[in-house]
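The structure appears below as structure tokens.
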Amino acid sequence: MIMNKQELLTYAGLEGQALEFWLEQRWLVPEQAHTGARFSDKDVARALLIRDLKTDFGVNDEGVDVVLHLVDQLHGLRKALRQLQGDLQETRR
């Protein structure tokens, strides 16, 4: 599902000022189209994570930076592991 900015604000219950700050911090990096920003499922999930970290857990901006960096590292490692598993399976054939 692809959302525009207004749809994301409504879906996630966010204020425009918060989303603008998150975009400035590059916590969210949506695809840019001639009609404006387009938020993917990944962007929406990340926005919901940021919202929950800030509102439910009281994480400050520096903490959000750290958490997002760790999440990105985890996803990168999982991708590398999947690639390695695929390579190993091909060499066994």
Side-chain angles (χ1 to χ4, degrees):
M1 166 175 45
I2 301 293
M3 293 185 183
N4 64 32
K5 191 175 187 179
Q6 188 57 49
E7 291 168 331
L8 176 62
L9 290 171
T10 301
Y11 181 81
L14 299 174
E15 294 185 13
Q17 187 176 6
L19 181 58
E20 288 301 322
F21 179 74
W22 298 358
L23 293 169
E24 288 171 14
Q25 296 300 309
R26 300 196 49 82
W27 293 347
L28 296 174
V29 184
E31 177 185 326
Q32 295 298 319
H34 68 280
T35 57
R38 294 172 38 124
F39 296 89
S40 67
D41 289 340
K42 178 182 165 186
D43 296 319
V44 173
R46 196 169 172 100
L48 295 174
L49 172 62
I50 297 166
R51 181 201 65 195
D52 292 348
L53 287 170
K54 293 185 77 55
T55 59
D56 295 346
F57 298 103
V59 177
N60 64 19
D61 293 338
E62 293 79 16
V64 171
D65 260 342
V66 170
V67 170
L68 293 177
H69 180 71
L70 292 171
V71 167
D72 291 342
Q73 284 184 329
L74 178 62
H75 284 292
L77 290 171
R78 289 176 69 191
K79 182 179 178 181
L81 181 58
R82 278 193 304 274
Q83 179 65 45
L84 182 59
Q85 286 174 328
D87 292 348
L88 285 172
Q89 287 176 353
E90 285 195 24
T91 59
R92 291 182 180 165
R93 291 180 185 172

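Side chains are part of it too, since the values below use all heavy atoms of this structure and drop only hydrogens, waters and symmetry mates.
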Can you get from [X] to [Y] by hopping between Ile, Leu, Val, Met, Phe, Trp and Tyr side chains that sit under 4.5 Å apart?
{"X": "Met1", "Y": "Leu14", "value": "yes"}
{"X": "Leu74", "Y": "Val64", "value": "no"}
{"X": "Leu48", "Y": "Phe21", "value": "yes"}
{"X": "Leu70", "Y": "Phe57", "value": "no"}
{"X": "Val71", "Y": "Trp22", "value": "yes"}

With sequence neighbours left out, write down each residue that passes salt bridge (charged side-chain N to carboxylate O under 4.0 Å, His left out) with [X], or none if nothing qualifies.
{"X": "Arg51", "value": "none"}
{"X": "Asp61", "value": "Lys54"}
{"X": "Lys42", "value": "none"}

Going by chain and number, the hydrophobic cluster around Leu81 (ILVMFWY, side chain to side chain under 4.5 Å) further includes none
Using a 4.5 Å side-chain heavy-atom cut-off and chaining through intermediate ILVMFWY residues, the residues clustered with Ile2 come out as none
### Query
Hey, does the side chain of Asn4 reach the backbone of Arg38 with a donor-acceptor pair shorter than 3.5 angstrom?
no
Donor-acceptor check, side chain of Thr10 to backbone of Glu7, threshold 3.5 angstrom: yes or no? no
Residue pairs meeting side chain to side chain donor-acceptor pair (under 3.5 Å), one or both in residues 24-35, sequence neighbours left out, come to Trp27-Asp65
Here the side chain to side chain donor-acceptor pair (under 3.5 Å) pairs for residues 67-82, sequence neighbours left out, are Arg46-Asp72, His69-Gln73
For Tyr11, the ring-ring contact (aromatic ring centres under 6.0 Å, His included) test, sequence neighbours excluded, returns none
Those residues at least two apart in sequence (or on a different chain) that pass side-chain contact (heavy atoms from CB on, under 4.5 Å) with Leu23 are Leu19, Glu20, Leu28, Pro30, Phe39
Applying side-chain contact (heavy atoms from CB on, under 4.5 Å) to Glu90 and not counting sequence neighbours gives none
Distance col, row Leu53:CG vs Asp56:CG, nearest 0.5 angstrom, shows 8.5 Å
The side chain to side chain donor-acceptor pair (under 3.5 Å) partners of Asp87 (sequence neighbours excluded) come to Gln83
Taken in chain and number order and not counting sequence neighbours, the residues that satisfy side chain to side chain donor-acceptor pair (under 3.5 Å) with Ser40 are Asp43
